[in-house]
> 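I'd like to ask you about the structure that follows.
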Amino acid sequence: MKTYTVYVPSDSASRSVGAEAVAERIEFEALKRKVHVILVRNGTRGALWLEPLVEVETELGRTAYGPVCVYDVPSLFDAHFYEGATHRLSLGLTDNIEWLRSQDRVTFARVGITDPLSLRDYEEHGGFTGLRKALKMEPMEIIYELSSSGLRGRGGAGFPAGIKWRTVLQSGSEKKYVCCNADEGDSGTFADRILMEGDPFTLLEGMTIAGITVGADEGVIYIRSEYPDAIKTMERAILIAREKGWLGQNVLGSSHAFNIRIRSGAGSYVCGEETAMLESIEGKRGVVRSKPPLPAIEGLFGKPTIINNVLTLSSVPAIIADGSDSYQKRGVGRSLGTQVFQLAGNVSRGGIVELGFGVTLDSLVNEYGGGTRTGRPVKAVQVGGPLGAYFPPSSFNISMDYESLLEAGGMLGHGGIVVFDDSVDMLEQAKFAMEFCAEESCGKCTPCRLGSTRGAELLGLMAGGINIEGNKKILLDICEVMTDGSLCAMGGLTPLPVKSAMLHFESEFSSKKGELR
Amino acid sequence: MSYVPWSKDEASRLLSQTSVQPGPVLISLQAIQTFFGYVPDAAIGLIALACNVTRAEVHGVLTFYSDLRTAPPPTHHVRVCVAEACQSVGSRALEEGLRDAGLGYEQAFCFGNCALGPAVNINSKLMGRASVDSVMKEMNE
């Protein structure tokens with residue numbers, strides 16, 4: 001009897017729109033119709049607008065159907081989809097779907113293709129190549145590769161990874177740590193989650209390379225509690241890696257020891273700030289530390305610590321495996337390599353778009369994103385999470401890289417792009433930015449703690465049409481103090497969405513609007 | 001979700017595992033809550049003792065993190081994402097609808113389902129493109 005391989009994603013986004021029911025129904029129908037189906041639960045390909053995306057292995061490659069609803073499953077079987085036959089939901093070969101084909105997947109090379117917890121899949125698709133190579137290299141050679149690749153911190157700060165690693169390498173401490181920041185709290189970002197749920201071994205491999213490079217024997221992944229599936233997948237991946245002798249006393253049979261454990265967050269946004277995260281891993285209140293000392297010198301439990309985001313660490317295996325040249329020839333200026341953009345919010349085709357830096361905002365929002373989901377005109381996009389700037393369509397020619405965004409008065413952040421249609425009230429969004437900061441501020445520094453509350457109050461007054469011009473002046477003053485006086489990016493960047501909304505959508509903050517209210 | 005009724009012995013057993021780990025306070029609180037559904041007042045002294053810190057320190061950590069509860073959770077724990085990406089696809093209207101329907105819920109900031117919003121989480125089950133109808137249907141299941 002012929003065996004058919006069918007893929008149904010198991011990541012939490014796909015399951016939130018019914019992938020679990022689809023998978024169950026496929027198993028049920030297969031049994032009923034005596035079709036021998038092997039069901040593989042892969043990660044998502046990142047085309048979230050097509051989820052649940054069902055794929056079938058055919059001679060020509062994987063053929064896709066989507067979005068599949070549980071009620072479509074019987075008709076898919078009627079049409080013999082398991083042989084790759086056409087159906088109302090046919091999307092052709094997955095590799096030929098233009099939205100995916102045109103991307104440049106480096107960090108996300110395996111996500112959606114493999115069974116996330118199959119080490120065999122992982123190895124067959126290039127896994128371990130980077131680590132094996134790294135084990136034969138000198139630490140400074142690895143750091144040289146990393147520096148030449150141009151890899152910068154993907155969590156938002158954009159700090160060169162090579163410099164950070166070198167600092168930790170050169171610190172004279174017996175005990176060192178590698179911490180992975182997986183506290184992906186920015187609204188509009190989900191790349192860390194999708195990677196951890198779809199290709200967990202890549203992150204473990206990147207952390208292991210970091211560990212053997214700087215001489216750390218312990219890694220910690222701090223994952224937010226809102227990602228229970230990512231925590232589960234990473235925990236299972238760590239167990240598998242330990243069983244196979246990859247993690248433990250002798251990494252892949254070498255003399256290096258490296259272990260990884262997971263710490264779960266507890267619902268605090270500010271714990272995504274690296275020093276607050278360290279406090280939280282140490283079991284304390286997630287209060288930001290003053291810098292210096294830098295975590296690379298005095299980090300977790302006072303020891304030198306590499307802190308990198310999930311995407312930074314997950315890019316390392318590919319960089320070491322394929323060499324820095326291959327990575328740094330992508331991108332523009334000082335923003336080299338690829339960025340995993342996330343199209344979110346009111347967008348027609350949302351999901352993961354990995355491309356070299358330098359793609360325009362317009363291309364992402366309109367070509368990949370296909371405009372708004374509601375079909376109304378795009379009015380604004382917020383780039384870089386709750387602390388990122390709002391841009392109107394007239395700014396859509398911005399090149400998406402660290403420097404250009406900074407120049408345009410924004411920041412790349414973690415690469416999330418939230419699209420809004422013309423029904424959005426920009427004053428309300430500015431007010432929300434302040435309210436969010438007030439809610440999530442750790443409270444350590446005054447500009448953030450008080451500025452956010454006062455800022456929200458002022459915007460509330462303005463929304464009510466009260467002394468708009470006068471309050472605007474005070475608000476800008478507060479913004480300045482927050483920007484210059486806050487300890488960390490939470491208070492320091494909250495003015496960005498506020499001021500960009502005021503700049504680009506001035507009429508919504510004017511007296512005229514107030515009178516209308 | 002089912003939780004175990006408070007028991008000092010069970011709590012001590014849990015704490016014997018968490019308190020020996022580095023940075024034990026938060027994970028101890030999390031372990032207690034995972035097991036009992038919340039952190040009862042009686043647990044604070046036990047945690048302080050097990051972790052060799054003051055009650056004040058335990059209280060400080062307990063009150064910092066929004067996940068940690070000092071009272072049992074509702075039978076149906078409904079969390080509605082109210083962050084930007086979900087706002088852009090109508091989370092404010094969804095909140096209004098749920099209030100009108102008389103459903104109690106908590107506000108949450110981001111479940112990482114930002115391309116398929118509005119996101120609602122009911123007893124840890126994540127729902128995408130949620131509407132008042134789909135939430136109420138899920139509640140009745």
Side-chain angles (χ1 to χ4, degrees), chain A residues 12-13 15-18 48-49 51 184-190 192-194 224-230 263-269 271 280-287 301 342-347 350-351 372-374 382 385-386 416 418-421 424 428-429 432 436 439-440 442, chain B residues 18-19 21-31 33-34 47 51 53 57-69 79 81-93 106-122 124-130 134:
Chain A
S12 46
R15 289 199 291 133
S16 82
V17 287
L48 295 174
W49 49 290
E51 294 295 354
E184 185 178 49
D186 288 355
S187 174
T189 64
F190 41 83
D192 294 354
R193 179 184 61 71
I194 286 180
R224 63 200 299 256
S225 62
E226 290 84 349
Y227 287 0
D229 296 321
R263 278 284 175 271
S264 159
S268 160
Y269 174 78
C271 287
S280 188
I281 297 173
E282 292 181 11
K284 304 174 193 159
R285 291 165 68 91
V287 175
F301 297 110
Q342 298 128 81
L343 298 179
N346 194 342
V347 64
T372 63
R373 194 201 294 172
T374 46
Q382 189 178 23
V418 177
V419 181
F420 292 83
D421 72 11
V424 66
E428 193 57 40
Q429 294 309 118
F432 176 78
F436 181 68
E439 178 76 28
E440 296 294 333
C442 80
Chain B
T18 57
S19 62
Q21 295 189 43
V25 179
L26 178 56
I27 49 170
S28 296
L29 286 161
Q30 286 171 322
Q33 175 157 315
T34 308
I47 295 172
C51 302
V53 296
E57 275 175 84
V58 178
H59 182 79
V61 176
L62 173 60
T63 49
F64 182 85
Y65 294 99
S66 58
D67 276 4
L68 298 173
R69 288 183 296 263
R79 289 182 288 169
C81 176
V82 298
E84 289 89 342
C86 287
Q87 288 168 5
S88 75
V89 283
S91 67
R92 288 188 180 101
E106 279 174 24
Q107 293 188 331
F109 296 116
C110 199
F111 294 105
N113 201 21
C114 318
L116 300 172
V120 172
N121 189 305
I122 302 177
S124 300
K125 183 181 172 184
L126 184 62
M127 297 172 65
R129 297 195 192 106
S134 70

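Order of the sequence lines fixes the chain letters, A, B, ..., with proteins taken first and strands second; residue numbering starts at 1 for each chain.
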> Work out which heavy atom in Val17(A) is nearest to a heavy atom in Arg129(B); give both atom names and the distance.
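Minimum heavy-atom contact is CG1-NH1, 3.8 Å.
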> Any idea which of Gly188(A), Gly351(A), Gly416(A) has the most non-hydrogen atom pairs under 4.5 angstrom with chain B?
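Most pairs with chain B among the choices: Gly188(A).
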> So, for Val25(B) and Gly283(A), which heavy atoms are closest and what is the spacing to 0.1 Å?
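Smallest heavy-atom distance, with atoms named: CB-O, 3.5 Å.
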> Considering only heavy atoms and a distance below 4.5 Å, find which of Gly286(A), Ser268(A), Gly18(A), Ala344(A) pairs most often with chain B.
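Ranked by heavy-atom pairs under 4.5 Å with chain B, first place is Gly286(A).
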> Search all heavy atoms of Phe301(A) against all heavy atoms of Pro22(B) and return the closest pair with its distance.
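Where Phe301(A) meets Pro22(B) most closely, the heavy atoms are CZ-CB, 3.5 Å.
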> For chain A, which of Asn121(B), Asn113(B), Asp67(B) has the most heavy-atom pairs under 4.5 Å?
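Winner by heavy-atom pair count: Asp67(B).
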> State whether the side chain of Gln87(B) and the backbone N or O of Gly345(A) hold a donor-acceptor pair below 3.5 Å, judged by distance alone.
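No: the side chain of Gln87(B) does not pair with the backbone of Gly345(A).
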> For the pair Ser16(A) (side chain) and Leu126(B) (backbone), establish whether a donor and an acceptor sit closer than 3.5 Å, ignoring hydrogens and angles.
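Not a single qualifying donor-acceptor pair exists.
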> With a 4.5 angstrom heavy-atom cut-off, is it the side chain or the backbone of Thr374(A) that approaches chain B, or both, or neither?
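When you check distances to chain B, no heavy atom of Thr374(A) falls under 4.5 Å.
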> Tell me, out of Glu184(A), Arg263(A), Glu51(A), who's got the most heavy-atom pairs with chain B below 4.5 Å.
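Looking at each of Glu184(A), Arg263(A), Glu51(A) in turn, Arg263(A) comes out on top.
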> Side chain, backbone, both or neither: which part of Gln21(B) has an atom under 4.5 Å from a heavy atom of chain A?
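Contact with chain A: side chain only.
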> For the residue pair Gln382(A) and Ser88(B), establish whether any side-chain heavy-atom pair is separated by less than 4.5 Å.
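SC-SC contact between Gln382(A) and Ser88(B) ruled out.
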> Please state whether the side chain, the backbone, both or neither of Asp186(A) comes within less than 4.5 Å of a heavy atom of chain B.
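Only the backbone of Asp186(A) comes within 4.5 Å of chain B.
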> Of the listed residues (Arg15(A), Arg224(A), Glu440(A)), which shares the most heavy-atom pairs with chain B below a 4.5 Å separation?
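Ranked by heavy-atom pairs under 4.5 Å with chain B, first place is Arg224(A).
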> If you look at every heavy atom in Phe190(A) and Gly112(B), which pair is closest and at what distance?
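Of all heavy-atom pairs spanning Phe190(A) and Gly112(B), the closest is CB-O, 3.2 Å.
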> Would you mind checking which part of Glu439(A) comes under 4.5 Å of any heavy atom in chain B, side chain (CB onward), backbone (N, CA, C, O), both or neither?
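The side chain, not the backbone.
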> Answer with side chain, backbone, both or neither: which region of Pro228(A) has an atom nearer than 4.5 Å to a non-hydrogen atom of chain B?
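Neither part.
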> At a heavy-atom distance under 4.5 Å, which candidate from Gly385(A), Gly185(A), Cys271(A), Ala13(A) has the highest pair count against chain B?
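Ranked by heavy-atom pairs under 4.5 Å with chain B, first place is Ala13(A).
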> Keeping the roles fixed (side chain from Ser187(A), backbone from Cys110(B)), state whether a donor-acceptor pair exists under 3.5 Å.
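No, Ser187(A) side chain to Cys110(B) backbone: no donor-acceptor pair under 3.5 Å.
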> Run the side chain to side chain donor-acceptor pair (under 3.5 Å) test against Glu282(A) and tell me which residues pass, sequence neighbours left out.
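Checked Glu282(A) against side chain to side chain donor-acceptor pair (under 3.5 Å); matches are Lys284(A), Arg289(A).
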> With only heavy atoms counted, which part of Cys442(A) is less than 4.5 Å from chain B, the side chain, the backbone, both or neither?
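Contact with chain B involves both backbone and side-chain atoms of Cys442(A).
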> Does Tyr65(B) reach the main-chain N or O of Gly265(A) with its side chain, forming a donor-acceptor pair under 3.5 Å?
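It does not hold such a pair.
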> Which bit of Leu116(B) comes within less than 4.5 Å of chain A, counting heavy atoms only: side chain, backbone, both or neither?
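Both parts, heavy atoms under 4.5 Å.
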> Under a 4.5 Å heavy-atom cut-off, does chain B meet the side chain of Leu48(A), its backbone, both or neither?
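Both parts, backbone and side chain.
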> Tell me, for Tyr269(A) versus chain B, whether the close heavy atoms (under 4.5 Å) come from the side chain, the backbone, both or neither.
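Nothing of Tyr269(A), per the 4.5 Å heavy-atom cut-off to chain B.
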> Nearest 0.5 Å, please: how far is OG in Ser280(A) from CZ in Phe64(B)?
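These two atoms lie 7.5 Å from each other.
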> Could you check whether any side-chain heavy atom of Glu226(A) comes within less than 4.5 Å of a side-chain heavy atom of Phe109(B), counting everything from C-beta outward?
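SC-SC contact between Glu226(A) and Phe109(B) ruled out.
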> How would you list, by chain and number, every residue that makes a salt bridge (Lys or Arg N to Asp or Glu O under 4.0 Å) with Arg193(A), sequence neighbours excluded?
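Once residues adjacent in sequence are excluded, the partners of Arg193(A) under the salt bridge (Lys or Arg N to Asp or Glu O under 4.0 Å) criterion are Asp11(A), Glu197(A).
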> Is there a side-chain contact between Gln30(B) and Ser264(A) (heavy atoms, below 4.5 Å)?
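Yes. Closest side-chain heavy atoms under 4.5 Å.
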